[in-house]
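Presented below is the structure to which this report refers.
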There are 2 protein chains.
Amino acid sequence: MTAHRTVPVTIRAMESSNAPGGTGGGRREATRQKLYEAAVTLIAEQGFSATTVDEIAERAGVAKGTVYYNFASKSVLFEELLRHGVGLLTASLREAADRSAEGGGSRVDALDAMIRAGLVFIDRYPSFTQLYVAELWRTNRAWQSTLMVVRQEAVAVVEKVLREGVEADELSDEIDIGLTASALVGMVLVAALDWKAFQPERSLDDVHSALSRLLQGRVSGNR
Amino acid sequence: MTAHRTVPVTIRAMESSNAPGGTGGGRREATRQKLYEAAVTLIAEQGFSATTVDEIAERAGVAKGTVYYNFASKSVLFEELLRHGVGLLTASLREAADRSAEGGGSRVDALDAMIRAGLVFIDRYPSFTQLYVAELWRTNRAWQSTLMVVRQEAVAVVEKVLREGVEADELSDEIDIGLTASALVGMVLVAALDWKAFQPERSLDDVHSALSRLLQGRVSGNR
DNA sequence: AGTTTTGCACTGACCAGTCAGTTCAAAAAG
DNA sequence: CTTTTTGAACTGACTGGTCAGTGCAAAACT
């Protein structure tokens, strides 16, 4: 670390912490948001290494220095982007499960609601999803541990519902919770990415019903 | 970080008469194979852009010049690697489906056999799978069209079996062939990658039976 | 009030390092 | 002999990160 200013940055950092609800404006936060949006599309298209900081800055409409004013490094920007995005997904899944439970639905209904929530998320943030999938199983990367943590948070939501379903005898107690959760996530992920990539004109309901059918085993049973 | 510099490139030149297995000629082909293997692991770990040609050459145990003697460019090497790998997968899936059909199995049995074939493939070539998933939904990349072609070849095998299953009234005629195929592929892909990444000690049979159960809708029915 | 100071947020030219790709003479392999 | 590989030097473009400096709005001061 090189101290490149006569005045202590540490102190300033503390007093300049953006107030949570107060500043509706928040110039800094707005800039960071713009950088997230720029980075997410570029990295989804080209990958992390192939995307330059100059590109991100240009797309966001800020100077390169601004990127480094707001984030310690390119990797840190990406890592925080990852946390931000998966946080949104996890919250969305959790809300869908809870809402379904409150409405008195079964656990299978909750799973179905989560599938829909997943589709809605991917529909809204296709680039982020793309980027997430592309990075998830890589190794030897700086943000690997971060990725593990957020992945686990998201998968845990699905696993919880599966576990409750087994306990309530709605689901077979022979299923492998972890593997089934992975498989379900994969099902939604890949189907949705293919949807957005190759048939973006189809409706969400359409895709949802196809996956719903698969989930409830109404595939092998003939009409 | 690169610690493996055990010296003597000069000496290696003399002992380089390694003809593994002795493929009866094809020295060139053997070199290309070594380069494939080196490239696939490195790119799976780090991504295409973050992997340098020098690294690939070093890992393969050849000189940098050799890479460019055998491939026109880094991209071309990668593209041919992609074709090579997906070719193996497609052949494997097709064989599994055919063998199941010959054995007089139902279409659902064929699907199950393909799931197993997929798992076997991923078990044998985890790095390739990883790399494939990471690149599949990217856009604006040089090898995009190549990727589309090979993807379609692989998915078509699954779709064909689904179509036959519908015609034979084994599967509901309300299923969406394309979407269901995507979903099945995603199910296997993600479950298998998670398996290799987080629980590599589990047996293939174990994973297969979990996915089999999901396929045949034996999840929501209680024991 | 008007004037000066403060310091946050941002800028963009610049630097030091990296990498794909080239070249080529010479050696090894067959 | 021909084909293939070697290995090292070299180039030229590109990139992550830096830093001295700018603009401006709120605070401090008179």
Side-chain angles (χ1 to χ4, degrees), chain A residues 1-19 22-23 25-35 38-39 42-43 46-79 142, chain B residues 1-2 5 7-20 22-35 38-39 42-43 46-58 60-79 142:
Chain A
M1 263 302 182
T2 36
H4 53 275
R5 237 187 215 274
T6 47
V7 186
V9 183
T10 29
I11 293 176
R12 205 159 295 150
M14 293 171 66
E15 55 189 55
S16 75
S17 310
N18 40 2
T23 56
R27 184 146 85 112
R28 192 122 189 271
E29 201 48 48
T31 302
R32 291 171 70 100
Q33 190 63 35
K34 280 196 295 183
L35 285 170
L42 287 168
I43 297 179
Q46 308 174 328
F48 176 82
S49 304
T51 301
T52 69
V53 175
D54 287 283
E55 279 177 315
I56 297 174
E58 190 189 342
R59 173 81 67 107
V62 301
K64 187 178 187 177
T66 305
V67 176
Y68 286 93
Y69 180 77
N70 284 280
F71 299 95
S73 69
K74 186 187 172 189
S75 306
V76 169
L77 161 58
F78 184 57
E79 229 168 305
Chain B
M1 266 246 290
T2 36
R5 180 166 304 269
V7 177
V9 194
T10 8
I11 295 177
R12 204 192 340 98
M14 301 175 66
E15 65 187 62
S16 77
S17 50
N18 58 340
T23 46
R27 184 152 75 110
R28 193 119 190 269
E29 201 48 48
T31 302
R32 292 170 68 100
Q33 190 65 35
K34 280 197 294 184
L35 285 170
L42 287 168
I43 296 179
Q46 307 174 329
F48 175 82
S49 306
T51 302
T52 69
V53 174
D54 289 284
E55 277 177 317
I56 296 173
E58 189 189 340
V62 302
K64 186 179 183 179
T66 305
V67 176
Y68 284 93
Y69 181 77
N70 284 281
F71 298 96
S73 69
K74 185 187 175 188
S75 305
V76 168
L77 162 58
F78 183 58
E79 226 167 308

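Residue numbering restarts at 1 for every chain, and letters A, B, ... go by the order of the sequence lines.
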Using every non-hydrogen atom in the two residues, find where A:Ala50 and B:Ser49 come nearest and quote the distance to one decimal. CB-OG, 3.3 Å
Figure out the CG/P separation between A:Leu77 and D:dG16, and round it to whole Å. 11 Å
Which whole-number value in Å describes the distance from B:Gln46 CD to C:dT18 C1'? 14 Å
Between D:dT3 atom P and B:Glu29 atom CD, what is the distance in whole Å? 18 Å
Test side-chain contact (heavy atoms from CB on, under 4.5 Å), reference B:Phe78, set B:Ile43, B:Thr51, B:Ile56, output is B:Ile43
Side-chain N,O (A:Tyr69) to OP1/OP2 (C:dC10) below 4.0 Å: no
Within this structure, what is the CZ-to-C1' distance between B:Arg32 and D:dT4, rounded to whole angstrom? 13 Å
Do any N or O atoms of the protein come closer than 3.5 Å to N or O atoms of nucleotides 20-22 of chain C, and which pairs are they?
from: C:dA20; atom 1: OP1; to: B:Thr51; atom 2: O; distance (Å): 3.2
from: C:dA20; atom 1: OP1; to: B:Lys74; atom 2: NZ; distance (Å): 3.0
from: C:dA20; atom 1: OP2; to: B:Val53; atom 2: N; distance (Å): 3.1
from: C:dG21; atom 1: OP2; to: B:Tyr68; atom 2: OH; distance (Å): 2.9
from: C:dG21; atom 1: OP2; to: B:Lys74; atom 2: N; distance (Å): 3.0
from: C:dG21; atom 1: N7; to: B:Lys64; atom 2: NZ; distance (Å): 2.9
from: C:dG21; atom 1: O6; to: B:Lys64; atom 2: NZ; distance (Å): 2.9

Side-chain N or O of A:Thr66 versus OP1/OP2 of C:dA9: is the shortest distance under 4.0 Å? no
N or O in side chain of A:Asn70 less than 4.0 angstrom from C:dA9 OP1/OP2: no
From CD (A:Glu58) to CG (A:Leu42), nearest 0.5 Å: 9.5 Å
Give me the residues of residues 55-63 of chain A where at least one heavy atom lies under 4.0 Å from an atom of DNA chain C, by number, or none. A:Val62, A:Ala63
Minimal non-hydrogen separation, B:Ala39 against B:Leu77, with atom names: CB-CD2, 4.4 Å
Should we say atom CD of A:Gln33 is surrounded by more than 12 heavy atoms from elsewhere, each under 6.0 Å from it? yes
Could you list the residues that satisfy salt bridge (Lys or Arg N to Asp or Glu O under 4.0 Å) with B:Lys74, not counting sequence neighbours? none
Locate the shortest heavy-atom distance separating A:Val67 from A:Val53; write the atom from each residue and the value. CG1-CG1, 4.0 Å
Specify the closest pair of heavy atoms between B:Ser73 and B:Tyr68, including all atoms of both residues, with the distance to one decimal. CA-CE2, 4.0 Å
Taken to the nearest whole Å, CG/A:Leu35 to C1'/C:dA9 is 12 Å
Say you draw a straight line from CG of A:Asn70 to CD of A:Glu29; how long is it, rounded to the nearest 0.5 Å? 8.5 Å
